[in-house]
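Written below as structure tokens is the structure these notes are about.
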Amino acid sequence: MDMMEEYLITSATVGLFPNFHPWLQTKTLDWDGEFYIEDKPLDAISNSCLHYGASYEGRKKSIVHRTNFKQKTPMIISEAQGMIMIPTHSPEHMYCAWLMYHHIHKVIPNGTGCTILFHNNVKVDLTISAAVMRQQMQKAAVIYNLFCTDQKINFSFMMDPKKRKNRKKEEK
């Protein structure tokens with residue numbers, strides 16, 4: 001078991017998972033392997049936010065202000081590096097894991113929730129539904145576009161295709 005005193009989230013971080021151990025509170029998964037740290041997942045998120053230039057609370061307030069995503073808000077760790085972590089539950093929930101948005105390759109439904117397949121071919125089973133996880137990924141995509149790119153994309157999702165066809169007919 002590899003232990004680390006401090007862990008800084010980087011672009012190599014794949015996820016942070018609660019680990020129910022007396023002093024090793026988080027299992028971190030990254031491209032270099034698996035490590036255990038003393039901080040809880042939310043503390044590692046908060047410390048990394050501060051390292052990259054803003055507090056967790058400040059980032060959350062800004063995201064909620066711009067998106068109105070008030071529950072299970074994905075968190076920007078670093079705009080410059082495009083690092084966004086997605087919570088699986090409410091951040092204060094004891095089973096909340098945090099997944100790096102850009103490392104998720106596929107969300108696969110299973111009988112008890114979903115399996116996440118990451119780009120490095122690691123699989124992780126979660127107790128949340130595939131639909132909830134996909135919704136979390138959509139939120140992260142909106143946040144990424146608003147905060148981490150120069151693109152100005154309206155995220156009011158596509159209108160009903162039937163209305164679109166009728167509008168084209170009216171224009172002729």
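Heads up: numbering here begins at 1 and tracks the sequence.
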Inset, instruction - Determine whether T73 and Q71 make a side-chain contact, defined as any pair of heavy atoms from C-beta on separated by less than 4.5 Å. - result: no
Inset, instruction - Describe, in one word, how the ring planes of H102 and Y144 are oriented to each other, choosing from parallel (under 30°), tilted (30 to 60°) and perpendicular (over 60°). - result: perpendicular
Legend entry - Beyond-backbone contact of L99 with Q136, side-chain heavy atoms, under 4.5 angstrom: no
Legend entry - Sub-6.0 Å ring centroid separation between H119 and H103: no
Legend entry - Exercise: identify the closest heavy-atom pair between P41 and Q25: CD-O, 4.1 Å
Inset, instruction - Report the residue from I143, T149, V142 that forms a side-chain contact (heavy atoms from CB on, under 4.5 Å) with L146. - result: V142
Legend entry - W23 and H21 aromatic ring geometry - parallel, tilted or perpendicular at 30°/60° bounds: perpendicular
Inset, instruction - Please assess I9 against M100 for the test side-chain contact (heavy atoms from CB on, under 4.5 Å), listing each intermediate value before the final yes or no. - result: CA-CA 9 Å; I9 295 170; M100 185 70 77; 3.8 Å; yes
Legend entry - Test side-chain contact (heavy atoms from CB on, under 4.5 Å) applied to L24 and I37, step by step: CA-CA 5 Å; L24 299 173; I37 60 173; over 6 Å; no
Legend entry - Option passing side-chain hydrogen bond (donor to acceptor under 3.5 Å, both in side chains) with D39 (candidates T28, T26, N47): N47
Inset, instruction - Report yes if the side chains of E38 and D43 come closer than 4.5 Å at any heavy-atom pair, otherwise no. - result: no
Inset, instruction - Locate the shortest heavy-atom distance separating P91 from L42; write the atom from each residue and the value. - result: O-CD2, 3.9 Å
Inset, instruction - Would you sort out whether E79 and R59 count as a side-chain contact (heavy atoms from CB on, under 4.5 Å), showing the intermediate values? - result: CA-CA 10 Å; E79 296 95 338; R59 289 189 188 278; 3.1 Å; yes
Inset, instruction - Determine the minimum heavy-atom distance between N110 and G113, stating which atoms define it. - result: OD1-N, 2.8 Å
Inset, instruction - Specify the closest pair of heavy atoms between P18 and C96, including all atoms of both residues, with the distance to one decimal. - result: CD-O, 3.4 Å
Legend entry - Min side-chain heavy-atom separation M83-Y52 under 4.5 Å: yes
Legend entry - Minimum side-chain heavy-atom gap I84-W98 below 4.5 Å: no
Inset, instruction - Just do the side-chain contact (heavy atoms from CB on, under 4.5 Å) check on I86 and I104 with the steps written out, would you? - result: CA-CA 10 Å; I86 300 172; I104 298 172; 4.1 Å; yes
Legend entry - Non-hydrogen side-chain atoms of M137 and M133 separated by less than 4.5 Å: yes
Legend entry - 4.5 Å side-chain heavy-atom contact, F118 and W31: no
Inset, instruction - Using the salt bridge (charged side-chain N to carboxylate O under 4.0 Å, His left out) rule, collect all pairs that involve residues 111-134, keeping only residues at least two apart or in two chains. - result: none
Legend entry - Geometric class of the H89/Y95 ring pair [parallel <30°, tilted 30-60°, perpendicular >60°]: tilted
Legend entry - Pairing residues for E92 by the side chain to side chain donor-acceptor pair (under 3.5 Å) criterion, not counting sequence neighbours: S90
Legend entry - NZ (K40) with more than 12 external heavy atoms under 6.0 Å: no
Legend entry - Min side-chain heavy-atom separation I45-C49 under 4.5 Å: yes
